> 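Structure below; questions to follow.
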Protein chains: 2
Amino acid sequence: MARIFTVDDLRDRLQARQHKMTPQRQMILQVFIERPGEHLSAEEVQGILRDNFDSFGMATVYRNIELLTDLELLQKIDLGDGKARYELNTKEPTSHNHHHLICIACGKISEFNDDLLDGLERSIFEKCGFEVTDHQVKFFGYCQECREAGYGAENDDAD
Amino acid sequence: MARIFTVDDLRDRLQARQHKMTPQRQMILQVFIERPGEHLSAEEVQGILRDNFDSFGMATVYRNIELLTDLELLQKIDLGDGKARYELNTKEPTSHNHHHLICIACGKISEFNDDLLDGLERSIFEKCGFEVTDHQVKFFGYCQECREAGYGAENDDAD
DNA sequence: TTTTCTGCAAACGATTTGCATACAC
DNA sequence: GTGTATGCAAATCGTTTGCAGAAAA
């Protein structure tokens with residue numbers, strides 16, 4: 001069970017760095033808390049917030065998303081679509097070992113947990129002397145629903 | 001031994017798609033052929049070519065790098081530095097299984113060959129029904145030289 | 001009251017596009 | 001000749017920055 005961050009965590013971590021708690025920061029975190037499993041871009045976050053509130057500057061979104069990432073409440077992910085995306089971090093350090101499965105038919109993003117990479121990283125160190133501190137892994141392909149709907153490797157020519 | 005593409009391959013593949021062979025296309029491919037193992041951005045390619053020739057439009061570089069990638073002579077890679085990079089493809093389909101090791105101290109990019117991911121991809125299919133067609137894997141950390149020069153996880157605070 | 005924040009608009013860097021000219025076929 | 005490619009400049013897209021006013025501590 002992945003325990004999730006709350007607004008209290010936000011307040012604590014802001015104080016620890018002499019940053020101020022603002023409604024904007026709270027609302028941005030709230031957007032992610034209310035949407036577990038989603039991978040939102042800055043633009044999407046602003047879209048959600050501007051629907052509910054009058055003016056919500058893009059710069060504020062960018063600045064605070066970055067801040068929340070620094071505070072390790074969010075995690076930045078690059079799905080290769082040209083814009084940065086973010087998801088709520090979990091309190092478990094194992095969240096590091098979840099990889100993204102990106103469906104090239106419908107765009108849906110799912111996740112896969114695994115620690116196979118630990119072995120790979122050890123063997124990288126042994127063979128190359130390269131000490132891995134972080135990794136980024138993305139798998140592209142067809143999700144179950146799209147495969148059942150006729151997409152997939154065997155139908156790949158059905159462009 | 002990875003066999004490398006040549007200008008003849010370029011000509012053949014251009015013809016097959018009724019594209020024309022131009023000096024620019026040839027020169028761009030040549031840049032990559034002469035620099036095996038390098039991961040060049042569009043800007044770097046233009047820089048190299050503009051040193052040797054008078055005018056070489058950025059748009060031409062972008063359009064042709066993309067074309068060469070479509071023709072599978074080049075491979076696009078995203079090292080997370082905000083610009084697309086490219087490397088010469090090899091004729092072996094196994095080139096797919098080389099991963100990039102990115103040193104966060106000196107920026108050097110090295111490579112690591114491995115087929116451990118095949119097992120992972122199989123287990124993704126079994127557990128999620130997701131059919132992987134491609135993957136992107138990057139490892140960040142410290143290369144041997146930088147570790148020996150005092151960088152590395154144990155000295156990470158030496159920012 | 002002091003410092004940090006916000007929102008706007010302008011700046012930015014990578015990439016794309018429109019268009020007239022130049023070149024490969 | 002005909003159609004594709006080139007080079008330039010302007011446009012675009014995501015993101016960052018400068019700055020004056022607003023709000024948290």
Side-chain angles (χ1 to χ4, degrees), chain A residues 7-8 10-31 39-71 73-74 76-86, chain B residues 7-8 10-31 39-71 73-74 76-86:
Chain A
V7 175
D8 288 338
L10 174 59
R11 193 187 334 273
D12 293 348
R13 295 187 183 200
L14 286 174
Q15 269 177 358
R17 293 223 212 165
Q18 57 229 57
H19 280 128
K20 294 173 176 170
M21 175 61 125
T22 68
Q24 286 89 339
R25 286 174 180 168
Q26 204 168 314
M27 288 192 276
I28 289 174
L29 180 59
Q30 201 61 37
V31 164
H39 308 79
L40 303 169
S41 66
E43 206 185 359
E44 288 165 346
V45 172
Q46 195 209 21
I48 292 164
L49 289 169
R50 216 174 20 192
D51 281 355
N52 301 324
F53 307 92
D54 37 331
S55 72
F56 208 108
M58 197 74 245
T60 302
V61 174
Y62 274 108
R63 279 190 281 237
N64 285 321
I65 281 185
E66 195 190 3
L67 176 60
L68 295 189
T69 305
D70 276 1
L71 298 176
L73 299 171
L74 297 182
K76 185 176 192 170
I77 46 189
D78 169 16
L79 298 176
D81 62 349
K83 53 190 87 176
R85 296 182 168 275
Y86 299 84
Chain B
V7 175
D8 287 338
L10 174 58
R11 192 188 335 273
D12 293 348
R13 295 187 184 199
L14 286 174
Q15 269 177 0
R17 293 224 213 165
Q18 57 229 59
H19 281 127
K20 294 172 177 171
M21 175 61 124
T22 67
Q24 287 88 338
R25 287 174 179 168
Q26 204 168 315
M27 288 192 276
I28 290 174
L29 180 59
Q30 201 62 37
V31 164
H39 309 79
L40 303 168
S41 66
E43 206 186 0
E44 288 165 345
V45 171
Q46 196 209 22
I48 292 164
L49 289 169
R50 215 174 21 191
D51 282 355
N52 301 324
F53 308 93
D54 36 331
S55 72
F56 209 108
M58 198 72 245
T60 301
V61 174
Y62 274 108
R63 280 190 279 236
N64 284 321
I65 281 184
E66 194 190 2
L67 176 59
L68 296 190
T69 305
D70 276 0
L71 298 176
L73 299 172
L74 298 182
K76 185 177 190 168
I77 46 189
D78 170 16
L79 298 176
D81 62 348
K83 53 190 87 178
R85 294 180 171 276
Y86 299 84

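Every chain is numbered from 1 and lettered A, B, ... according to where its sequence line falls, protein lines coming before strand lines. What you are looking at is a predicted structure, and each value in this text was computed from that prediction instead of being measured.
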> Going by heavy atoms in the side chains, are V31(A) and Y86(A) under 4.5 Å from each other?
no
> Minimum heavy-atom separation for H39(B) to R85(B), with atom names?
O-NH1, 2.7 Å
> Can you tell me the distance, in whole Å, between the CD atom of E44(B) and the C1' atom of dA14(C)?
13 Å
> Taking atom P of dA14(C) as reference, at what distance in whole Å does atom NZ of K76(B) sit?
14 Å
> Are OP1 or OP2 of dA24(C) and a side-chain N or O of Q15(B) less than 4.0 angstrom apart?
no
> Between dT4(D), dA9(D), dC8(C), which one does the side chain of A59(B) approach most closely?
dA9(D)
> Report yes or no: does Q26(B) contribute a side-chain atom to a donor-acceptor pair with the main-chain N or O of M21(B) at less than 3.5 Å?
no
> D78(B) has an atom CG; how far is it from atom C1' of dG14(D), in whole Å?
14 Å
> Taking CE from M27(B) and C1' from dA5(D), how many angstroms apart are they, rounded to a whole number?
13 Å
> Let me spell it out: for each of Y62(B) and M21(B), pick the nucleotide of DNA chain C with the closest heavy atom. Which residue's pick is nearer the 5' end?
Y62(B)
> Between dC8(D), dG7(C), dA24(D), which one does the side chain of R63(B) approach most closely?
dC8(D)
> Whole Å only: how far is the CE atom of M58(A) from the P atom of dA11(C)?
20 Å
> For K20(A), which contact category applies under a 4.0 Å heavy-atom criterion: base, sugar-phosphate, or nothing?
base
> Output the rounded distance in Å from CG (N64(B)) to P (dT17(C)).
15 Å
> Between dT4(C) atom P and Q18(A) atom CD, what is the distance in whole Å?
7 Å
> Judged by each residue's nearest nucleotide on DNA chain C, which is more toward the 5′ side, S41(B) or H19(B)?
S41(B)
> Can you see if the side chain of T22(A) gets near the phosphate of dT6(C) - specifically, an N or O under 4.0 Å from OP1 or OP2?
yes
> Do you know the tightest heavy-atom contact between K83(B) and S41(B)?
CD-CB, 3.8 Å
> Just the rounded figure in Å: distance from P of dC5(C) to CD of Q26(A).
15 Å
> Just checking R25(A): base, sugar-phosphate only, or nothing, at a heavy-atom cut-off of under 4.0 Å?
sugar-phosphate
> Would a 4.5 Å heavy-atom cut-off, applied to side chains only, mark I65(A) and L40(A) as touching?
no
